[in-house]
Engineer: 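Just passing along the structure, written as structure tokens.
Just so you know, ligand 1 is whichever comes first in the structure, and atom 1 is the first atom listed for that ligand. Treat the numbers as computed from the prediction; the structure is a model and nothing was measured.
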Amino acid sequence: MMSQSRTGFVTGLRCVACGKAHPIGTPYTCPDCGEPGILDFEYDYPSIARRLSAEVLARRSDQSQWRYRELLPIGDDSALPPVSVGGTPMADAPKVARHLGLASLLLKDDGRNPTGSLKDRASALGVVKAHEEGCGVIACSSTGNAASSLAGMAAAMGLRSVIFIPEATPEPKLAQLLIFGATVLRVRGSYYDAYQLCERTCREVGWYNRNCAINPVLVEGKKTVGHEICEQLGWNLPDWIAVSVGDGCTLAGLWKGIREMKLLGLLERTPKILGVQAEGASPIAVAFRTGAPVQAGAAQTVADSIQVGVPRNWRKALNAVAESGGAMITVSDSEILDAIGYTGAMAGVFAEPAAAASVAGLSVAVTAGLLQGDSSALAVITGNGLKDTRVVRSIAGEPFDVAADGTGVQEILRARDLLG
Ligand SMILES: *Cc1c(COP(=O)(O)O)cnc(C)c1O
Ligand SMILES: [Zn+2]
């Protein structure tokens with residue numbers, strides 16, 4: 001499937017279930033374990049360390065995620081999509097920090113990617129590999145962002161995309177898919193149903209499957225958010241990093257990126273990872289609490305991007321949380337909606353529900369005493385609020401309707417305490 005020169009410093013793949021090593025080119029999951037045998041790329045870190053230092057990185061002018069290419073399964077001459085993925089800004093949010101009772105809070109705004117979510121990091125790498133393998137069609141099933149991101153990156157790379165979406169996909173995400181020219185199959189059923197149908201179809205017709213959980217390439221793309229956070233903060237990370245969890249690939253990727261920078265000797269100290277799930281879709285958080293294996297369950301939350309009842313990558317996610325010394329917690333839908341409101345009003349960052357769950361998680365963790373009040377924290381804003389304005393309109397309120405001659409304007413401004 002993949003040749004050595006096209007995978008850079010990759011040494012092989014390891015199964016997260018049985019621990020067995022497999023050669024480069026093993027398709028998707030572990031041949032011994034089947035679907036639970038998610039694979040993980042391994043690299044020749046000593047060689048990478050000889051090539052990649054803080055100084056070398058500082059001299060690179062490319063701000064996109066390809067600046068970390070030695071840490072990705074690509075070769076020096078891999079063809080890359082001509083859109084800029086990664087290099088997203090970091091915002092200091094002191095007012096939100098005070099509101100939550102934290103010493104400081106940074107927001108890593110990954111909603112500022114080309115199609116508005118962190119998923120672009122994974123999809124960009126997915127289309128690079130699909131293109132290299134000569135697959136003209138790339139497919140995925142998604143609650144929204146993986147799909148819109150794949151459709152956008154495929155369009156940029158000149159590939160066709162086929163997307164399986166569940167019925168509950170928000171309208172703006174659907175609009176993105178259609179505009180990017182994807183063939184959209186709306187499955188009458190849940191995300192689980194869409195996932196199964198996509199996988200079956202890919203197997204039957206030989207398309208490249210972008211589903212993050214089973215395709216180890218995708219998590220590698222998500223790692224770059226971890227690389228970038230380390231470099232942007234001058235290799236000095238906060239006590240905690242919060243991120244929301246659906247399948248678990250984003251958290252796993254974030255942690256792998258950070259751990260790699262530690263392995264390369266660029267980081268002194270790693271942060272604790274706070275994985276945040278919605279109360280109504282929390283199988284991984286439940287497994288963290290009970291120590292039992294993840295049980296499939298129902299999934300119901302306003303945060304459509306993390307509405308995952310049958311997570312695929314829970315092993316990687318739970319290993320990452322444990323290795324970091326962190327924790328998994330849950331937040332309610334109303335805590336998520338609140339967080340969208342105060343993050344927008346106090347920091348000017350508009351997060352979609354699944355993204356604001358990370359901020360809500362920090363709030364809940366402080367209240368629960370899991371985080372000390374003098375902690376420094378960072379929340380990964382995984383998707384832009386414009387992705388789904390319908391759910392926030394219920395909390396955002398309504399505009400004041402006024403006559404064109406200005407009658408009543410003064411009263412409104414006075415009532416809002418805007419007249420000094
Ligand atoms: C996909 C997604 C997540 C969760 O990522 P997983 O890999 O499924 O855990 C969180 N937030 C947003 C906005 C997403 O699109
Ligand atoms: Zn295995």
Engineer: Can you find an N/O atom of Gly246 closer than 3.5 Å to an N/O atom of ligand 1?
Structural biologist: yes

Engineer: Report the part of Glu352 (side chain from C-beta onward, or backbone N, CA, C, O) that has a heavy atom under 4.0 Å from ligand 1; answer both or neither where that applies.
Structural biologist: side chain

Engineer: Below 4.0 Å, non-hydrogen atoms only: which portion of Val243 touches ligand 1? Side chain, backbone, both or neither.
Structural biologist: neither

Engineer: Quick one: is the NZ or CZ of Arg312 closer than 6.0 Å to the six-membered ring centre of Tyr195, and within 45° of its axis?
Structural biologist: yes

Engineer: Check whether any N or O atom of Cys249, backbone or side chain, sits under 3.5 Å from an N or O atom of ligand 1, and answer yes or no.
Structural biologist: yes

Engineer: Scan for side chain to side chain donor-acceptor pair (under 3.5 Å) pairs involving residues 351-379, sequence neighbours excluded, and state none if there are none.
Structural biologist: Asn145-Glu352, Lys173-Glu352, Asp239-Ser376, Ser305-Glu352

Engineer: Suppose we screen for salt bridge (Lys or Arg N to Asp or Glu O under 4.0 Å). Which residues come up paired with Lys223, at least two apart in sequence or across chains?
Structural biologist: Glu220, Glu260

Engineer: Just distances here: any N/O of Ser117 and N/O of ligand 1 closer than 3.5 Å?
Structural biologist: no

Engineer: Record the part of Asn145 in heavy-atom contact with ligand 1 below 4.0 Å; permitted values are side chain, backbone, both and neither.
Structural biologist: side chain

Engineer: Is it true that Asp193 and Arg200 have a side-chain N and a carboxylate O under 4.0 angstrom from each other?
Structural biologist: no

Engineer: Using the salt bridge (Lys or Arg N to Asp or Glu O under 4.0 Å) criterion, which residues pair with Arg203? Sequence neighbours excluded.
Structural biologist: Glu199

Engineer: Evaluate Lys387 against Ser117 for side chain to side chain donor-acceptor pair (under 3.5 Å), listing each step before the verdict.
Structural biologist: CA-CA 9 Å; Lys387 289 267 189 178; Ser117 83; 4.7 Å; no

Engineer: Please answer whether the main-chain N or O of Ile74 pairs with a side-chain N or O of Thr7 as donor and acceptor at a distance below 3.5 Å.
Structural biologist: no

Engineer: Give me the protein N, O or S atoms that fall under 2.8 Å of the Zn ion (ligand 2), sorted by chain and residue number.
Structural biologist: Cys15 SG, Cys18 SG, Cys30 SG, Cys33 SG

